[in-house]
There are 2 protein chains.
Amino acid sequence: MAVTASAPVTEVEVHDVRFPTSRRREGSDAMNRDPDYSAAYVVLHTADGGRGHGLCFTIGRGNDLAAAAIRALAPSVTGRPAPATAAGLAALHRDLTHDSQLRWLGPEKGVTHMAAGALVNAAWDLAATRAGLPLWAFLAAMPPEELVSLVDFRHLTDALTPDEALAILRAAAPGREERAARLRAEGYPAYATSPGWLGHDDATLVRLAERAVADGFGQIKLKVGADLGDDLRRLRLVREAVGPEVRIAVDANQRWDVADAVRWTTALAPYRPYWIEEPTSPDDILGHAAVRAGQPVKVATGEHAANRVVFKQLLQARAVDFVQIDAARVAGVNENLAILLLAAKYGVPVCPHAGGVGLCELVQHLAMFDYVAVSGSREGRAIEYVDHLHEHFTDPAVVEGGRYRAPSAPGFSARMKPASVAAYRFPDGPVWRAGGEETAEAGGQETAEAGREGAAE
Amino acid sequence: MAVTASAPVTEVEVHDVRFPTSRRREGSDAMNRDPDYSAAYVVLHTADGGRGHGLCFTIGRGNDLAAAAIRALAPSVTGRPAPATAAGLAALHRDLTHDSQLRWLGPEKGVTHMAAGALVNAAWDLAATRAGLPLWAFLAAMPPEELVSLVDFRHLTDALTPDEALAILRAAAPGREERAARLRAEGYPAYATSPGWLGHDDATLVRLAERAVADGFGQIKLKVGADLGDDLRRLRLVREAVGPEVRIAVDANQRWDVADAVRWTTALAPYRPYWIEEPTSPDDILGHAAVRAGQPVKVATGEHAANRVVFKQLLQARAVDFVQIDAARVAGVNENLAILLLAAKYGVPVCPHAGGVGLCELVQHLAMFDYVAVSGSREGRAIEYVDHLHEHFTDPAVVEGGRYRAPSAPGFSARMKPASVAAYRFPDGPVWRAGGEETAEAGGQETAEAGREGAAE
């Protein structure tokens, strides 16, 4: 990558944006009864008119704290040249995650770490936009040495050294162009979570599952963990509806202790779940290993794993069959690159978590980059997809025939429509000023309206 | 404990209080160069004039976020009857740690979890004050069944069941009164960290180490991890100064990867360090286990362990020889009770972390309760002590002859002097309004002044 002088970042604009999704019980599961899908949304401004966009995803209360955490970190960004090179992006990531005082609040976990991720991702959006490439292609154009230089190897080297990372990337280098071409032609497999929210009744569940399969999805997901009898009935209904070939993943959202997870998943096993997701605490490496060893269903986790050190251990302990990266929980592209390399080292496929505000838009780039330049494979992999809230983004994720289409617009697809930001800003946007009294239908109409309006910045 | 009707909590008062400790390099170590020891300080007010005090400890920047996190959780406290019973205190702890939307920011980690701890601890201060007992005695007066009811066993039962916890507490019940009497007579061993800050030159280091031993401390601690040559020289100088009997713990503050920790600690081993503290990432259970297995020095950690699930695994993996609880990182008394029970189950001694603003004041109660009613032992144990900032508390920790005196005043010793809060409030208190330009000496004088003033609430 050519080193060019960059204009400085002049402003870090932050908005608390919330969507009243709890009014329809969208997103409901065994641990999250009433999420209002939200984003602490950040826009970096540069002196020469550049813009970089990023976000923390939250589920409502606390979104103000995520916004405050971004503001607390903003002094590390403002006034600095907008990073355009691997060296600049590595330095920004390091400075945001290792502030000598703020790190006490983590270290490298919780809302301050998520905020660092939003800012890092915004810088990547800016850099990729400047380069005229979608983020996945911007990353895939970097030589292996530059990619390795982006990673913070502190606390990782017992599992992955810089030399090992370099070897992984060099091994994947020869096929990059061919895989990028296939990606542009064929897209990347998606799986559908919308059918399986715990708030759906049986008829809705079956109808949406059948529709997802008809739409081309080879995998769907059901929420489980509230009541075993309900779970058995729902899984049986869906299995009967979609037939033996479609993959059905199940997701307990951290609901169980280890013994419960083993007992419950063993009971569900006859319906052949593709994986059990988040069977227990996201901090419990040894617990996941025990669940994996104790029952026949494969184990997936990661959307709440706090950082690369937790992923490292999940892999070292052989605790997971699938690594579920999240674009907006760890400290941005740099830390997710570390996790992709760790997963490649241990030969475990990455199936990203998505579905929240902007998560599909962001994480598709990371999975596609993984295919082109890290693991070199789409085998057994799929990116989560939920069919809502995409209308608020200027470069929304597009899923057709059960596959994500490779983004072609420059950047990280993280830009929200200004009209959406204005309409859903909490607590003063029109959707919230009404006091939460409008119906779900009215909320839906406003969503559609905001989606139509937001063309100009 | 008798169930009595409680007046409701009417206000959650929060202050951002910071002490300019970085001006003297107090608190400096291999990872934290320039801490300004700080507290996000909370006072619960009840309708009948009751007050409960708690705090998040931070090291400067980010203290505003901790205060904001307390405010974000305040609606779960305001309007609710001030909890006075085990049932009430258990319910408050559960509600603060499992808010269905805020938990997305953790779960159970980072600044939101610390904020929950500040509020939980404030409720315990209020309850113990009402009962007319210091917190350690208030806890030690509860029957085993009530103590067990305080614990959130979610994600713990593969290591500790409620029945096992009950058995541990019942086994310790017979000796409670005798041990409480001994505690009041003899106090609890302390160790001194002030001699060993990385910012001290060799002469200061040796002088302070000798003074600590002369003052009766049987254990001191040195910061290590920045430069191996320096560490070898400093450890040798201190070992020669204090002789072979005094315990010298060393603390790397997370600086190393696993291989570095093994190599470095092996090099230090001839000077017989009592333990190596925080050799690597606080999230790295497997890493700590590898460090413990790979070299001869005992391993201690915990001040940055995010929650009881991390402690559970450190114990399950036999990764630590000492559990270092912190009063203000996890979710308050309830979660620390879970950790004390886990440590007792695995037979690992608890040596609390302290030294920050108010941490000595708070954590002494937990170690003393552990001695009286959980582990039943002070053997091999000591509470960290740093001799600064105590003058800002109305019931300061008192260490004499190298031992903490058992607190006798009702409550959790968490109340700061109002004059100190006013003087050090950030950014508008007089110490900070001056723009950080006064000298360390001036700061010290103001500390002393504020300490003299703060008598009335």
Side-chain angles (χ1 to χ4, degrees), chain A residues 22 31-36 38 56-66 68-69 72 75 98-114 153-158 254 256-260 280-287 290 304 306-307 309-310 312-313 316-317, chain B residues 22 31-36 38 56-66 68-69 72 75 98-114 153-158 254 256-260 280-287 290 304 306-307 309-310 312-313 316-317:
Chain A
S22 65
M31 292 288 269
N32 309 295
R33 292 187 311 276
D34 55 356
D36 284 325
S38 303
C56 297
F57 170 64
T58 81
I59 60 172
R61 283 185 297 281
N63 203 51
D64 48 338
L65 279 179
H98 293 299
D99 180 283
S100 65
Q101 295 185 344
L102 279 162
R103 74 181 298 282
W104 192 270
L105 306 188
E108 299 183 63
K109 60 180 65 66
V111 69
T112 47
H113 202 54
M114 295 163 71
F153 283 93
R154 172 167 276 180
H155 300 150
L156 290 192
T157 57
D158 55 323
Q254 314 165 25
W256 299 317
D257 284 21
V258 170
D260 294 334
T280 190
S281 163
D283 303 322
D284 201 345
I285 291 113
L286 302 179
H304 278 85
N307 56 49
V309 176
V310 176
K312 177 188 78 166
Q313 294 174 84
Q316 289 175 310
Chain B
S22 66
M31 292 289 268
N32 308 296
R33 291 187 312 276
D34 56 355
D36 285 325
S38 304
C56 297
F57 170 64
T58 81
I59 59 172
R61 284 185 296 281
N63 202 52
D64 49 336
L65 279 179
H98 293 300
D99 179 283
S100 65
Q101 295 186 342
L102 279 162
R103 76 182 297 282
W104 192 269
L105 306 188
E108 298 182 63
K109 61 180 64 68
V111 69
T112 47
H113 202 55
M114 295 164 72
F153 283 93
R154 173 168 276 181
H155 299 152
L156 291 192
T157 57
D158 55 324
Q254 315 165 24
W256 299 317
D257 283 24
V258 170
D260 294 333
T280 191
S281 163
D283 303 323
D284 200 345
I285 291 113
L286 301 178
H304 278 85
N307 56 49
V309 176
V310 177
K312 177 188 77 165
Q313 294 174 84
Q316 287 176 312

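Order of the sequence lines fixes the chain letters, A, B, ..., with proteins taken first and strands second; residue numbering starts at 1 for each chain. Side-chain atoms are counted along with the backbone in the values below, which use heavy atoms only and exclude waters and symmetry mates. Quick caveat: nothing in here was measured; it's all calculated off a predicted structure.
- Applying the side-chain contact (heavy atoms from CB on, under 4.5 Å) test to A:A68 and every residue at least two apart in sequence or in another chain returns B:L65.
- Summarising the geometry, atom OG belonging to A:S100 is positioned 5.0 Å from atom CZ belonging to B:R61; distances are rounded to the nearest 0.5 Å.
- B:P107 and A:D283 make their closest contact through O-OD2, 4.1 Å (heavy atoms, listed as atom of the first residue, atom of the second, distance).
- Across B:D257 and A:L156, no two heavy atoms sit closer than the pair OD2-N, 3.7 Å.
- Using a 4.5 Å cut-off between heavy atoms, A:V111 touches chain B through backbone and side chain atoms alike.
- Distance CZ/A:R103 to CD1/B:I59: 8.0 Å, rounded to 0.5 Å.
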Side chain to side chain contact (heavy atoms under 4.5 Å, CB included) assessment of A:L105 paired with B:T58: CA-CA 7 Å; A:L105 306 188; B:T58 81; 3.7 Å; yes
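- If you tally non-hydrogen atom pairs under 4.5 Å between each of A:A306, A:G62, A:A66 and chain B, the highest count goes to A:G62.
- Residue A:A290: no heavy atom, backbone or side chain, is found under 4.5 Å from chain B.
- Options B:H98, B:Q254, B:M114, B:H113 differ in how many heavy-atom pairs under 4.5 Å they form with chain A, and the most are formed by B:Q254.
- Contact annotation for B:N307: only side-chain heavy atoms (C-beta onward) come within less than 4.5 Å of a heavy atom of chain A.
- With hydrogens and angles disregarded, a donor-acceptor distance shorter than 3.5 Å links the side chain of B:Q101 to the backbone of A:D34.
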Take A:H155 and B:T280, measure what side chain to side chain contact (heavy atoms under 4.5 Å, CB included) needs, and give me the verdict at the end. CA-CA 7 Å; A:H155 300 150; B:T280 191; 3.3 Å; yes
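- Evaluation of the ring pair (Phe, Tyr, Trp, His ring centres under 6.0 Å) rule for B:W104 yields A:F57, A:H304 as partners, not counting sequence neighbours.
- Ranking A:G287, A:A259, A:A69 against chain B, the residue ahead of the rest is A:A69, based on heavy-atom pairs under 4.5 Å.
- Neither the backbone nor the side chain of A:D260 comes within contact range of chain B; no heavy atom of the residue lies under 4.5 Å from a heavy atom of that chain.
- One distance of note links CG of A:D284 with CD of B:Q313; it measures 4.0 Å at 0.5 Å rounding.
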